[in-house]
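Here is the structure we will look at, set down as structure tokens.
Computed over heavy atoms, backbone and side chain alike; hydrogens, waters and symmetry mates excluded.
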Amino acid sequence: MISIIPSYVWLTLLASVFHAFSFTYTKQFLAHSLNRQKLAFYSQYAVGFLAVLLLPFVDLAQLWEQFWLVLSMCVLVLLGQTSYLNAMRHGDASFVVPMLGCKIFAVAGLSVLFFEQTYPPSVYLAGLGAFVSLFFLNDGKLHGSPLALFFVLLTCFFFALADIIVVQVLKNGMGGLELAVFVFVVPAVLLMPLSPVLFKNDWKVSKPFGKTLLIYAVAHFIGLIILMYAFKLSQEATMINIVQASRGFIAVGVVYVLARLGLSQMEKLTRKQLISRLVGGLLMFGSLVVAVAGI
């Protein structure tokens with residue numbers, strides 16, 4: 001049975017492992033600074049440095065044809081990254097990362113608004129499943145950090161708006177690889193020279209912070225390249241979106257491993273918490289499968 005699973009599914013799973021790590025590892029940024037705007041900008045710069053390596057393989061003319069749409073998307077990604085780091089500041093990584101799966105419901109709502117799409121009852125059933133998963137992701141408690149929940153939902157909204165622009169840009173003819181490169185290169189080129197002004201006395205990067213940024217950027221960039229290959233092989237986004245949702249419960253395992261390795265910002269989960277959050281992550285993933293596949 002394993003032999004009949006398409007190769008792009010395995011590639012997407014591998015990309016999800018890298019992105020589960022990179023999204024979780026951003027929690028470690030808080031060991032170096034509590035300025036979430038700086039952390040959001042610098043994380044984009046770090047990946048932008050690596051994305052520059054792909055510039056010889058992309059068509060720069062496509063950037064100029066849709067520059068303002070690409071710039072709008074970059075702004076939304078930066079806002080989303082800032083909000084995400086705020087969520088990490090107020091909540092555990094094993095709660096926040098799986099909650100990013102809620103983005104699909106924000107995308108659905110915005111698609112209704114902008115593209116007049118309609119959805120079957122299975123989507124609403126999936127929404128209920130995602131809501132129930134919050135109980136398990138919050139360790140089976142009915143109370144938790146409202147700020148963490150607020151910021152992660154705000155993150156989903158910003159990223160969903162960015163996805164709406166992605167759909168429009170791709171419909172206009174831009175290649176997927178070009179878009180992936182531009183979304184990281186453009187903020188680095190435009191904003192990096194302004195960092196001494198934006199962050200005044202806090203703009204420099206220490207060696208430990210630089211190492212943390214490099215580890216994040218390499219993991220995120222490798223995941224991005226693998227994901228682009230998966231898209232190229234599949235020629236469709238439905239199954240890839242479903243498999244990508246697996247990063248939510250993978251992230252719970254990543255948190256456990258990173259905490260065991262002694263990373264200062266990672267929460268140490270008890271056995272009960274680990275089981276509860278794995279159940280929550282799996283329920284979130286299952287809800288997304290129902291929503292996207294219409295089971």
Interatomic distance, CD@Gln66 vs CG@Leu71, rounded to 0.5 Å, equals 13.0 Å
Check for a donor-acceptor pair, side chain of Gln44 on one end and backbone N or O of Phe184 on the other, with a separation under 3.5 Å.
no
Strictly by modelled atom types, are His32 and Thr212 linked by a side-chain donor-acceptor pair under 3.5 Å?
yes
Do Phe209 and Leu39 make a side-chain contact, defined as non-hydrogen atoms from C-beta onward lying under 4.5 Å apart?
yes
If you look at every heavy atom in Val186 and Leu63, which pair is closest and at what distance?
CG2-CD1, 4.0 Å
Worked check of ring pair (Phe, Tyr, Trp, His ring centres under 6.0 Å) between Tyr42 and Tyr45
CA-CA 5 Å; Tyr42 279 45; Tyr45 297 166; 5.2 Å; yes
Under the side chain to side chain donor-acceptor pair (under 3.5 Å) test, which residues partner Asn86, sequence neighbours left out?
Arg36
Smallest separation among heavy atoms of Pro193 and Ala188, with atom names
CD-O, 4.0 Å
What distance do Ile165 atom CD1 and Leu76 atom CG have between them, rounded to the nearest 0.5 Å?
5.0 Å
Look at the side chain of Tyr84 and the backbone N and O of Phe23, then say whether any donor-acceptor pair between them is shorter than 3.5 Å.
yes
Backbone of Ala20 reached by a side-chain donor or acceptor of Tyr25 within 3.5 Å:
no
Is a side-chain donor or acceptor of His220 paired with a backbone partner of Val47 at a separation under 3.5 angstrom?
no
Measure the spacing between CG of Leu78 and OG of Ser43 and express it to the nearest 0.5 Å.
8.0 Å
Taking only residues two or more places apart in sequence or in another chain, which ones pass side chain to side chain contact (heavy atoms under 4.5 Å, CB included) with Val189?
Val185
Do Tyr216 and Phe29 have ring centroids that are under 6.0 Å from one another?
yes
Under 3.5 Å: donor-acceptor pair, side chain of Ser83, backbone of Gly80:
no
Does CZ in Phe158 sit with more than 12 non-hydrogen atoms of other residues, nucleotides or ligands closer than 6.0 Å?
yes
